[in-house]
Amino acid sequence: MSKKRKSEASGDVIRIGNKTISLEGYLTKKPKKDVGPTETTTKPDQALEPSSKESKSPDSTAQEKKTTKFVPSRKPSGAAEYLSTRQALPLWSHQDEIRRRLQKHDVLVLVGETGSGKSTQVPQFLYQEKWCQRQKVKIEANGRTEETAVGGMIAITQPRRVAATTLAHRVSCEAGTPLKGDKGSKPGNAQSSYSRGLVGYSVRFDHRVPKGTKIKYLTEGMLLQELLRDPHLRQYSAVLVDEIHERSTDVDLLCGFLKQIIAGDKAGRGGIPLKVVIMSATANVESITRFFSDVTPEAMESAPTEGAENSSSVQFMQIEGRQFPVEITHTPKPVADIQDSMLKKIFKIHTEEPLQDKHGRCDILAFLTGQEEIESAQRLIEEYAATLPANVPKIKVFPLFGQMSIEAQHEAFQPIKGGFTRKVVLSTNIAETSVTVPGVRYVIDCGKSKVKQFRPKISLSSLLARPISKSSAIQRAGRAGREGPGKCHRLYTESSYLGLEEADLPEILRSDLLGAVLTMKATGIDNVLEFPLMDPLETEAVEKALLHLHFLGALGDDGTITELGRKMVMFPVTAPYARVLLAAADPKFDCLLEVIDIISCITAGEDIFLQIESEEAKEEAEVYRKELYRREGDIITYLTTMQLYFAENADRVQWCKARKINIRNMKQAVNIRKQLRALCVKQGMMEQPPPDPQPFTPISPDKATNVLKCFLKGFALKTAILAPDSSYVTSHGKHVVAIHPASVLHGQKKEAIMFLEHVYTQKSYAKKVSAIQATWIVEALGF
DNA sequence: GAGCACTGC
């Protein structure tokens, strides 16, 4: 049986098992917050009008291009042909003001509604500014004076890779130096350094930074990685944080680091300030403005009242978007059956509203909570559509959710074939931010979405449908007004709407802080709770992350990062997986190649095995899948899948299709595998691996045991023992878990299990499950 | 017997 590893907090000390960690110095002080006045030129609190020109979206001229591949013009003098389009953007007339404000001030908060052009235009307005020139400076470092260059580039961050790359392609054309060639075909290649250009981008597996790049689009995570190497961001004169309203964990961390640079003494930048432009599509930016206004006490003292003239005061501007009015209706009474109400609304629109008008198609976009609701609604709509008389337009239903294949998703974006048919897209939240469905003029909003929330107390995530925020409701409605005047039907009352939270809970307050805390520790932040964040962290969540990192060996008893922890941050995987990689390199286990295959596969996205709808398709795929499934569990099944995939020489796409394997995720896994292999070679953890394809040889039972024991080094707390009543009881916390139906071990009884994920949906589920022996848990816990 | 959405030296 496992040792008792109950954690308890007593005063400034926390104990796990036989270990004691002092919390002194990093859990005792309260985070600073809300200091001093905020000087803004306009009050940001006048919310968007509830009815018409609201909404957001990844904006600007590149908007429509984000879902389809943008093909840049090959004409070198292409800039002129874009000029009239650029001049028509609402932002164009504000360019002098934007420049003027940033000449005097370091921080600008810019609210630009959908279609204002902020993502594409702001960097182009700024890159020729005097303060944006690269400068030679003298910097004191380690007692010596060094000469370095500071500034010269503008970074502009995006939450998603597609947005960063498509925007870069678009802006490179507008700037007259188009990025050429296929993107992403050769990750990390050096072709870019031979070409010249003003615009580049950097996302994982795909970097294009031509010589002379002044404007660089990157994902938030990418800039965060650059920050770890260069804490002063010396390459950059400015950082433009786009889509901040989405409040990803990465953007919250990024803003903390940016604030430290702004508020610091700038010695690391040779005294040259870093300009920061925060761009949001929603107007409730008060807390963000306050966050950046609240600089160091010294700066506050030096400019107590006339803040508007001080470079540290935060400027605010709001730009109108290009959005058609959207008429919003609510239900008079709360609806008992959302699905029934939604179907009736769809049929009512379909029979009463035009199929087409002078602005174009009039399709319907309905927001539902998940795949199950979408598929059942699809069935019912199709049944109804079959009964429509010939003089009424037909209905074609398109589901849209993240786990669908790219091609299937793409169908929802295509104009419909056959003129007498209306498109009805049934979507999850994916259509709220990540993709744009063209042709939509009617939106139906169920008022809910599924949200993942981490409960630190029991290390359990829940994934349940919750009411959306006002901000989300406004975004959804705005989807109806992209191409012409639209209508949004909310399946809830106006008073329910008014009772909604203003904004969603930021991700950083909903998730496991393991990665965030390790990042902070790696940059030398001792007191995690003192790190500046727009929303302060929950002490309990921080404690849990610290304990977990300590358990993994990433933090020492004094709370500082260990040698092992420094190695762990270098891997682009979460801390437990990094721990597993390091264990696998240990000669005692010697299974690094196998573990890399598995981790690549798991971290490539949701499951690589697609859900299969029909019974016959399922039977067909199962014939092929049978050779992949292993009795050891999901981990060894993933390994076998990767090995057989790489042994496949003929047609890998066909190979995936036959097994209903998500090709997109598989390609991502291939990239991650390559990246992890290169990192491990670089770190001296292994020799250069043999080239692909290698013939398939099934893993030996001994090696499989070693692989599982390595995973236990990262996941010993995620184990459960079979109880006499045939339920599984977690060894840490004594909760009952059920093996998820997607696991190859579903319905089986094993002495003990290890699971990589623990999620509460219908009930408490263990996912990515492997069969282990109870004695291995003790073995893994004995350091 | 079940699957919100993203991202990374």
Side-chain angles (χ1 to χ4, degrees), chain A residues 58 157-164 187-188 202-207 218-230 243 246-251 253-254 367-375 399-404 427-435 446 448-453 461-466 468 472 475 504 507 510-511 515-516 518-519 522 566-575 577-578 599-600 603-613 618 662 668 671-672 675-676 678-680 682-683 738-743 746-747 757 759 761-763 765 767:
Chain A
T157 67
Q158 295 293 324
R160 280 167 293 279
R161 297 160 43 118
V162 267
S202 185
V203 302
R204 191 183 190 184
F205 309 129
D206 196 3
H207 308 270
L218 13 63
T219 47
E220 293 156 354
M222 211 52 164
L223 190 60
L224 216 45
Q225 294 304 320
E226 291 190 1
L227 254 161
L228 291 183
R229 286 195 307 273
D230 176 15
E243 311 279 5
E246 291 190 22
R247 293 297 301 275
S248 67
T249 296
D250 281 352
V251 97
L253 290 177
L254 197 56
F367 285 100
L368 291 87
T369 56
Q371 183 178 348
E372 208 172 278
E373 291 81 359
I374 288 171
E375 282 169 353
L400 186 60
F401 47 87
Q403 265 297 90
M404 283 166 54
S427 175
T428 61
N429 250 355
I430 193 170
E432 198 181 301
T433 48
S434 307
V435 297
C446 75
K448 291 187 171 174
S449 70
K450 279 190 187 169
V451 181
K452 199 169 198 172
Q453 177 140 21
S461 294
S462 58
L463 182 61
L464 300 168
R466 305 289 319 271
I468 59 172
S472 230
Q475 322 260 33
D504 294 302
E507 189 191 16
R510 290 189 284 111
S511 46
L518 188 59
T519 303
R566 294 223 172 270
K567 287 183 183 158
M568 285 162 63
V569 265
M570 293 190 315
F571 292 100
V573 294
T574 56
Y577 288 124
I599 290 176
S600 309
T603 60
E606 265 309 297
D607 212 336
I608 54 159
F609 294 109
L610 289 165
Q611 310 285 339
I612 309 166
E613 317 86 62
K618 192 168 179 164
N662 189 323
Q668 173 81 349
N671 280 330
I672 297 172
Q675 186 185 30
L676 290 178
L679 265 167
C680 289
K682 201 173 141 200
Q683 293 299 313
I739 296 177
H740 193 272
S743 169
H746 176 70
E757 286 167 25
V759 182
T761 49
Q762 307 285 314
K763 52 181 170 179
Y765 279 117
K767 298 175 86 174

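Being a predicted model, the structure only gives us computed values, none of them experimental. By convention in this document, chain letters (A, B, ...) are assigned in the order of the sequence lines, proteins followed by strands, and residues within each chain are numbered from 1.
- In this structure, A/Thr219 reaches the B/dG8 phosphate: one of its side-chain N or O atoms is under 4.0 Å from OP1 or OP2.
- The residues A/Arg160 and A/Glu246 are annotated as salt-bridged, a charged nitrogen and a carboxylate oxygen being separated by less than 4.0 angstrom.
- Nucleic acid contact class of A/Glu372 (heavy atoms, under 4.0 Å, all strands): base.
- For A/Gln762, taking side-chain heavy atoms from C-beta onward, the closest of the listed nucleotides B/dA5, B/dC4, B/dG3 is B/dG3.
- Among the nucleotides B/dG8, B/dG1, B/dA5, the one closest to any side-chain atom of A/Ile430 is B/dA5.
- For A/Arg247, the salt bridge (Lys or Arg N to Asp or Glu O under 4.0 Å) partners two or more places apart in sequence, or in a different chain, are A/Asp252, A/Asp535.
- Rounded to whole Å, the distance from CZ on A/Arg510 to C1' on B/dC4 is 9 Å.
- Side-chain proximity of A/His746 to B/dG1, B/dG8, B/dA5: nearest is B/dG1.
- Between the A/Arg510 side chain and the A/Lys452 main chain, a donor and an acceptor come within less than 3.5 Å of each other.
- Looking at which nucleotide of DNA chain B each of A/Leu463 and A/Gly605 is closest to, the 5′-most match is held by A/Leu463.
- Nearest to the side-chain atoms of A/Val203 among the listed nucleotides B/dC6, B/dG3, B/dG8 stands B/dG8.
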Expected list for residues 220-228 of chain A: side-chain donor-acceptor pairs under 3.5 angstrom, two or more places apart:
residue  : atom : partner  : partner atom : Å
A/Glu220 : OE1  : A/Ser248 : OG           : 2.6
A/Glu226 : OE1  : A/Tyr236 : OH           : 2.6
A/Glu226 : OE2  : A/Lys216 : NZ           : 3.0

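- Contact annotation: the side chain of A/Ser472 approaches that of A/Glu432 to within less than 4.5 Å [non-hydrogen atoms, C-beta and beyond].
- In this structure, CG of A/Leu254 is placed 13 Å from P of B/dG8, rounded to the nearest angstrom.
- Residue A/Leu228 is in base contact, counting any heavy-atom pair closer than 4.0 Å across all strands shown.
- One interatomic measurement links the two molecules: CG of A/Asp250 to P of B/dA5, which rounds to 19 Å at whole-angstrom precision.
- Among the heavy atoms of the strands lying under 4.0 Å from A/Arg161 are primed sugar atoms or P, OP1, OP2 only; no base atom is included.
- For B/dG1, the OP1/OP2 oxygens have no side-chain nitrogen or oxygen of A/His740 closer than 4.0 Å.
- In this structure, A/Lys452 places its NZ atom 14 Å from C1' of B/dT7, rounding to the nearest Å.
- A/Ser248 comes within 4.0 angstrom of nothing in the nucleic acid, heavy atoms only.
- Nucleic acid contact class of A/Thr249 (heavy atoms, under 4.0 Å, all strands): none.
- Of the candidate nucleotides B/dC4, B/dG8, B/dA2, B/dC4 has the atom lying nearest to any side-chain atom of A/Gln371.
- The distance from atom CD1 of A/Ile599 to atom P of B/dG8 is 18 Å, rounded to the nearest whole Å.
- Taking 4.5 Å as the limit, some side-chain heavy atom of A/Leu679 sits within range of a side-chain heavy atom of A/Pro572.
- With rounding to whole Å, A/Glu432 atom CD is found 15 Å from B/dC4 atom P.
- Side-chain proximity of A/Gln225 to the nucleotides B/dC4, B/dG1, B/dG8 is greatest for B/dG8.
- Side-chain atoms of A/Glu606 and base atoms of B/dG3 include no donor and acceptor less than 3.5 Å apart.
- B/dT7 atom C1' lies 15 Å from atom CG of A/Asp206, rounded to whole Å.
- For the pair A/Lys767 NZ and B/dG3 P, the computed distance is 6 Å after rounding to whole Å.
- The side chain of A/Thr603 places no N or O atom within less than 4.0 Å of a non-bridging phosphate oxygen (OP1 or OP2) of B/dG8.
- Using a 4.0 Å heavy-atom criterion, one finds that A/Ser449 contacts no nucleic acid atom at all.
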